[in-house]
Number of protein chains: 2
Amino acid sequence: MKPTIYNVASKAGVSIATVSKVLNKTGRISEGTRRRVVEVMEEMGYQPSVIASALTGKSTFTIGMLIPDLANPFFAEVARSAEDRGHELGFNLVMCSTDNDPAKEVDYISLLKQKSVDGIILSTVTTNHSTVKDILKLNIPVALIARDMPTLAVDTVIVDDFIGGYLAAEHLIELGHRRIAVIAEDMNVMSSSERVRGYRSALEENGLEYDDALVKESDFTIQGGKLKSGELLDSIHSPTAIFACNDLLAIGAIQAARERGMQLPRDLSVVGFDNTILASIVEPPLTTVAQPMRDMGRHVIDLLIQEIRGLKNQKQRIILVPELVVRGSTSKRVHTGNQ
Amino acid sequence: MKPTIYNVASKAGVSIATVSKVLNKTGRISEGTRRRVVEVMEEMGYQPSVIASALTGKSTFTIGMLIPDLANPFFAEVARSAEDRGHELGFNLVMCSTDNDPAKEVDYISLLKQKSVDGIILSTVTTNHSTVKDILKLNIPVALIARDMPTLAVDTVIVDDFIGGYLAAEHLIELGHRRIAVIAEDMNVMSSSERVRGYRSALEENGLEYDDALVKESDFTIQGGKLKSGELLDSIHSPTAIFACNDLLAIGAIQAARERGMQLPRDLSVVGFDNTILASIVEPPLTTVAQPMRDMGRHVIDLLIQEIRGLKNQKQRIILVPELVVRGSTSKRVHTGNQ
DNA sequence: ATGAAAGCGCTAACAC
DNA sequence: GTGTTAGCGCTTTCAT
């Protein structure tokens, strides 16, 4: 049987209150008894029960993390980093993949509540903010990662998606491209629409016309990217460059081009977003807008834990700046004379 | 304030015992009161506290999962699948990335114990089995994933690594290769040594000599694979094919070959292991030995939860059969006449 | 069919 | 400095 505080107390010849005090370093206990109690604890291999402690109103030292998909390289990386930072600070993470399904989100949150997690990290796409509001209403600490809800007072860590989109488009424009398509994820999600807005802004600043026909929406899979890119490439005025709103979509674009016998980057330039491990591995290596995934994971945890500890009155929004990583999937536009 | 069982009880005009009974569907309660209690629970948005329930000896419905690295595509995929299956059965997963560091393992396990997780899934490389033994001694359910300890009575889900290595080598031999190198992970780990053993067995069955100089050990990173492959390719009798013990290493091999101006698969055939998403994305697409990651994740959870529920007296070892997926990184050996 | 009460392991007044 | 004790929210005999 696992030893309890009672076992330790009786073996050390003190009361459980004393043991509790040495455990939490609260109250005053003489150095002598402290040492003896510690000794006994080690002897017995005593480990306090977080469960029991939590029941008296203390922390559970666990955080719930809701992300679309743990197997997605971007989120896996962010999660790993968050896990590391949490561990440093004594917190464990419960991972919940929602597939962007509101029902799953609600379900997971309900479970996490029942388990009295100390806080929740959220990367949700719900258009209505009810999920987040519900959590806030319950007064449980939340932090958003990679997803913005500017109208809500909630800790947030994101990348400046507008700038990201801008950088991508600007890079392509500088390379001489004029027909630049974009494959977006769900445009109802801010991070996605912001990227497109940045793209559009770069276009306009450079005197290029924004063309709706060049903007496609897709789910966030390679397949989706391939499909939509295919449509673009098969259209009358096919683009000479594609800005895909994440690396997966960009890889889909590359595959679609390949299937059509195109040479990259000669016949088509492709820019991705995220800079996941995939970007460095595809052929050609993907030019992409890098999100600092490790930093992001670290920051959310720090924000959330500050919140949990009540060290903060003010909500904070950390907006990181993305960086363009130029690799081999983009190059100067080749003038074919057909436009 | 979150409603408790007391609030529900008083509002429904019954005792907490009654509420508890409708909650757990135990004992006998009249349909009338049952309905009324349920009604009140919904009205108040009551959710039982898992913490409190756990303190009375019931489950916490959470499982700890120790893997080397959550950001590694193989483990991310397995974890995702395990998470899904766990969720179906009402369990949450706490993810712990150990980096194969025994100290971290011990640390995480200690934390998980304090939190009274219902069981632990382990993918450890510790040579001495003390970690596992410790857990078993504490009588907490464990299951091994992707790592074998045949001498221990513990639930396990693995792929037949021997066959995997055999398939890889056999494929290359059939393509006419005779100098086939192998890049292994830590040979102290069974999964790794088994793959090499399978490779060796295929060699010998086909009358090829096993050459120690063609076997390199590496950490499990792209960099490592690249480095070791480089050494092989730069050696006097450089191989015409490389079997890398995981996709990351294989990608390193591809990169090393590229750097040396080699054409794949013409100048070098490469076989990987795992069939992660990376394998389908590199260029050329990687021929690889596929591990059924989704099935594996699902199976460990099922094994572990059966164990948790005490539905099983007998430990079980599920050994899945890997499959060779042939893609573009392997081809017939080109006879250059130099051997 | 329902309730009273003990107890799970711990924390936090409060008393001595 | 140290101990007593009342909870925390729930489960579970055991009466009734």
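Since the model is a prediction, treat every value here as computed from it, not as a measurement. Chain identifiers are assigned alphabetically (A, B, ...) following the order of the sequence lines, protein sequences preceding nucleic acid strands; residue numbering begins at 1 within each chain.
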>> I want to verify a distance call: between C:dT11, C:dG7, C:dC10, whose nearest atom is closest to the A:Ala52 side chain?
In response: C:dC10

> Is a side-chain N or O of A:Asp99 found less than 3.5 angstrom from the main chain of A:Asp101, in a donor-acceptor match?
Replying inline: no

> B:Ala17 side chain: which of D:dT2, C:dG3, D:dC8 is closest?
Replying inline: C:dG3

> Are B:Asp134 and B:Lys137 within salt-bridge range, i.e. N to O under 4.0 Å?
Replying inline: yes

>> For a quick check of understanding: with a heavy-atom distance under 4.0 Å over all strands, which category does B:Ile16 fall into, base, sugar-phosphate or nothing?
In response: base

> B:Met41 CE to D:dC10 C1': how many Å, rounded?
Replying inline: 14 Å

> Has B:Thr4 got a side-chain N or O lying under 4.0 Å from the OP1 or OP2 atom of D:dG9?
Replying inline: no

> Salt bridge check: are B:Arg317 and B:Asp155 linked by an N-O gap of less than 4.0 Å?
Replying inline: no

> For C:dG3, does OP1 or OP2 lie under 4.0 Å from any side-chain N or O of B:Ser15?
Replying inline: yes

> Which of these passes side-chain contact (heavy atoms from CB on, under 4.5 Å) with B:Val117: B:Ile63, B:Ile140, B:Ile308?
Replying inline: B:Ile140

> How long is the line joining CD1 of B:Ile29 and C1' of D:dT12, in whole Å?
Replying inline: 15 Å

> For A:Arg36 and D:dT2, what is the distance between atoms CZ and C1' respectively, to the nearest whole Å?
Replying inline: 12 Å

> D:dT2 P sits how many Å from A:Leu23 CG, rounded?
Replying inline: 16 Å

> Can you tell which of C:dT2, D:dG9, D:dG3 lies closest to the side chain of B:Ser49?
Replying inline: D:dG9

>> So B:Val19, base contact, sugar-phosphate only, or nothing? Heavy-atom distance under 4.0 Å.
In response: nothing

>> Taking the basic N atoms (NZ, or NE/NH1/NH2) and the acidic carboxylate oxygens, is any pair closer than 4.0 Å for B:Arg36 and B:Glu39?
In response: no

> D:dC10, D:dT2, C:dC10: which one has an atom nearest the side-chain heavy atoms of A:Ile5?
Replying inline: C:dC10

> Choosing from D:dG9, D:dT11, D:dT2, which nucleotide comes nearest the side chain of A:Thr18?
Replying inline: D:dT2

>> Heavy atoms from C-beta onward define the side chain here; which of D:dG3, C:dA4, C:dA1 lies closest to that of B:Ser30?
In response: C:dA1

> What is the distance from CD of B:Glu31 to P of C:dT2, rounded to the nearest Å?
Replying inline: 11 Å

> Closest nucleotide of DNA chain C for B:Gly27 versus for B:Leu55: which of these residues is on the 5' side?
Replying inline: B:Gly27

>> Checking contacts here: which listed nucleotide (C:dT11, C:dC8, C:dA4) is nearest the side-chain heavy atoms of A:Asn24?
In response: C:dT11

>> Tell me whether the side-chain N/O atoms of B:Thr33 come closer than 4.0 Å to OP1 or OP2 in C:dT2.
In response: yes

>> In whole Å, I'd like the distance from the NZ atom of B:Lys25 to the P atom of D:dT11.
In response: 12 Å

> Starting at CD of A:Gln114 and ending at C1' of D:dG9, how long is that distance when rounded to a whole Å?
Replying inline: 13 Å

> Touch check for A:Lys21, heavy atoms < 4.0 angstrom, all strands: base, sugar-phosphate only, or nothing?
Replying inline: base

> Between atom CG in A:Asn7 and atom C1' in C:dC10, what is the gap in whole Å?
Replying inline: 13 Å

> Does the pair A:Glu88/A:Arg85 count as a salt bridge with the N-to-O cut at 4.0 Å?
Replying inline: yes

>> What I want to check is whether an N or O donor and acceptor connect the side chain of A:Tyr6 with the base of C:dC10 at under 3.5 Å.
In response: yes

